[in-house]
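Residue numbers run from 1 in the order of the sequence given.
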Amino acid sequence: MIDAILNSGRGRSGRRSTGAGRRSGRGNSPGVASPGLDARSVSGGRAGVAIESQAVLDRLMAVEALRFASATRPIVPPPVPVASAPVIAQEWRRRKAGIGLWERGKRRELRMRIGIEVRAEVDRRFDEACRDVRRCQDEADRWWNALNDGDPVVLAAVLSNAFAYARLPVRVAATDGRSAVLILTMPGLDVLPKKIPHVTPTGRLASKAWPATEVNAAYQRLLGGYMLATVRQAWAVGPPLRQLRIIGVRYQTAGAQVYFDVSVDRYAMDWDSNTTGAALLRTAPGGLKTSGTAGRVRPWPKDAIPEETLAMIRRSGSIELPAAQ
């Protein structure tokens, strides 16, 4: 369309300008690639697939680098004083009708009365707004104190809202003030891209299918990232929390499948390290179960899941994973 507009005055068909543009490389507008010259066609599609696969993988693994703001005492802002002069002027324009310009005494008396009335009303409303702020601040302080004291109801609500806001697929199964049981719905192996980038012996960018060992290692890393983000969010918004129990599940038609059940302490590990989650799932009691030399992640056998774990899962209910970003 841009070519048609630019070449409309250069002949009936504009072929000469278009051909020159193709020869010189200036026929198209900046930023608009010539037809058939995108990354996929130049490399036969392999480079494009490789770039797209790496982008998907990077977006998925970004979960292990998530950081969350710590909860702080909410402060209700003070009311903004209302300027009385504009209100006085408005009242004067409304109420001066019927008083002649020569009636200076009446006009002066009316101005004084309007000023006194408006300032009194402005002060009254400002005092009322200050009382509302103090009442709201008292309510906020009671909530803040309840959170820091470990009120189970307040803590569960804060955790649930925080996970929903962060779009983490986590449900709160139980809280007792200093600890919480969280149910993490894990993504499946199918969220990983089908191929990974690969450099050919001739140095060209291409893509190839995942080796079994690498795809399982990447999946374990992804699950560790989700668990790490869950822990960081809980520590950030739950000041009284000292211990967490995180149960990793996937919901199938046959019911919930348990993949791990680990307990963590706020001060026992370096939660700033992005590798902590994956390392914990590999080494902790109740961590991921793998099979074969490729390290494929397996769910726990049904008869090996404690009834208490199943009760926690049932209490929390199921949750849908958010769509991949």
For L184 and V249, run side-chain contact (heavy atoms from CB on, under 4.5 Å): C-alpha distance rounded to whole Å, both residues' side-chain angles, the deciding distance at 0.1 Å, then the answer.
CA-CA 6 Å; L184 168 63; V249 301; over 6 Å; no
Distance col, row S179:OG vs L241:CG, nearest 0.5 angstrom, shows 7.5 Å
Check for a donor-acceptor pair, side chain of T230 on one end and backbone N or O of Y226 on the other, with a separation under 3.5 Å.
yes
About how many Å separate OG of S263 and CD1 of I246, when rounded to the nearest 0.5 Å?
8.5 Å
Evaluate the criterion side chain to side chain donor-acceptor pair (under 3.5 Å) for residue pair D270 and T276; output intermediate values, then yes/no.
CA-CA 7 Å; D270 178 15; T276 297; 5.3 Å; no
Tell me the closest heavy-atom pair linking K194 and D190, and the distance in Å.
NZ-O, 4.4 Å
Can you give the donor-acceptor pairs under 3.5 Å from side chains of residues 84-92 to other protein atoms, not counting sequence neighbours?
residue, atom, partner, partner atom, Å
E91, OE1, R94, NH2, 2.8
E91, OE2, R94, NE, 3.3
E91, OE2, R94, NH2, 3.4

Go through it in stages, so that I can follow the logic: the residues are D261 and R245, the test is salt bridge (charged side-chain N to carboxylate O under 4.0 Å, His left out), and I'd like the CA-CA distance, side-chain angles, deciding distance and then a yes or no.
CA-CA 7 Å; D261 185 350; R245 178 183 173 189; 2.8 Å; yes
Could you walk me through whether E121 and R124 pass the salt bridge (charged side-chain N to carboxylate O under 4.0 Å, His left out) test, one step at a time?
CA-CA 5 Å; E121 179 64 14; R124 184 189 69 79; 2.7 Å; yes
Within-4.5 Å side-chain heavy-atom neighbours: S160 and Y165
no
With a sphere of 6.0 Å drawn around CZ of R125, does it hold more than 12 non-hydrogen atoms of other residues, nucleotides or ligands?
no
Hey, could you give me the CZ/CG distance between R178 and L155, rounded to the nearest 0.5 Å?
9.0 Å
Trace of the side-chain contact (heavy atoms from CB on, under 4.5 Å) decision for E307 with M312:
CA-CA 9 Å; E307 179 58 36; M312 287 292 178; over 6 Å; no
Reported CH2-to-NZ distance for the pair W300 and K289, which is rounded to 0.5 angstrom:
6.0 Å
P239 vs L147 side-chain heavy atoms within contact, under 4.5 Å
yes
Nearest heavy-atom pair of L205 and P197: which atoms, and what distance?
CD1-CB, 4.4 Å
With heavy-atom distances below 4.5 Å as the criterion, would you say the side chains of R242 and Y267 are in contact?
yes
Could you tell me which residues satisfy side-chain hydrogen bond (donor to acceptor under 3.5 Å, both in side chains) with E139, sequence neighbours excluded, listed by chain and number?
none
Could you tell me if the side chain of M227 sits less than 4.5 Å from the side chain of L281, heavy atoms only?
yes
Side chain proximity check, W144 to N148, heavy atoms < 4.5 angstrom:
yes
Would the distance check show the side chain of R95 and the main-chain N or O of L110 forming a donor-acceptor pair, the cut-off being under 3.5 Å?
no
Shortest non-hydrogen separation from P187 to L222 and the atoms involved
CG-CD2, 3.9 Å
Distance-only, no hydrogens or angles: does the S207 side chain make a donor-acceptor pair with backbone N or O of K195 under 3.5 Å?
no
Would you say the side-chain atoms of R232 pair up with the backbone N or O of L66, donor to acceptor, closer than 3.5 Å?
yes
Flag, side chain of D265 to backbone of Q243, donor-acceptor distance under 3.5 Å
no
Would you check if the side chain of R113 reaches a backbone N or O of R108 as a donor-acceptor pair within less than 3.5 Å?
no
Looking at F126, I want to see if its CZ is surrounded by more than 12 non-hydrogen atoms of other residues, nucleotides or ligands under 6.0 Å.
yes
Start with the C-alpha distance between Y219 and L288, add both sets of side-chain angles, then the distance that settles side-chain contact (heavy atoms from CB on, under 4.5 Å), and finish with yes or no.
CA-CA 11 Å; Y219 185 52; L288 291 174; over 6 Å; no
Min side-chain heavy-atom separation W143-P74 under 4.5 Å
yes
Check: I247 and F260 side chains under 4.5 Å, non-hydrogen atoms
no
What is the distance from atom CH2 of W210 to atom CG of L192, rounded to the nearest 0.5 Å?
5.5 Å
Is the NZ atom of K208 crowded by more than 12 outside heavy atoms at less than 6.0 Å?
yes
Nearest 0.5 Å please: distance from the CZ atom of R296 over to the CD atom of Q220.
12.5 Å
For E64, side-chain hydrogen bond (donor to acceptor under 3.5 Å, both in side chains) partners two or more places apart:
R221
Determine the minimum heavy-atom distance between L159 and A180, stating which atoms define it.
CD1-CB, 4.1 Å
Flag side-chain contact, heavy atom, 4.5 Å: V170 against T185
no
So does S291 get a backbone contact from the side chain of R298, meaning a donor-acceptor N/O pair under 3.5 Å?
no
V82 and I116: same hydrophobic cluster, using ILVMFWY side-chain contacts below 4.5 Å?
no
Side-chain donor/acceptor of R67 to backbone N/O of A65, under 3.5 Å
yes
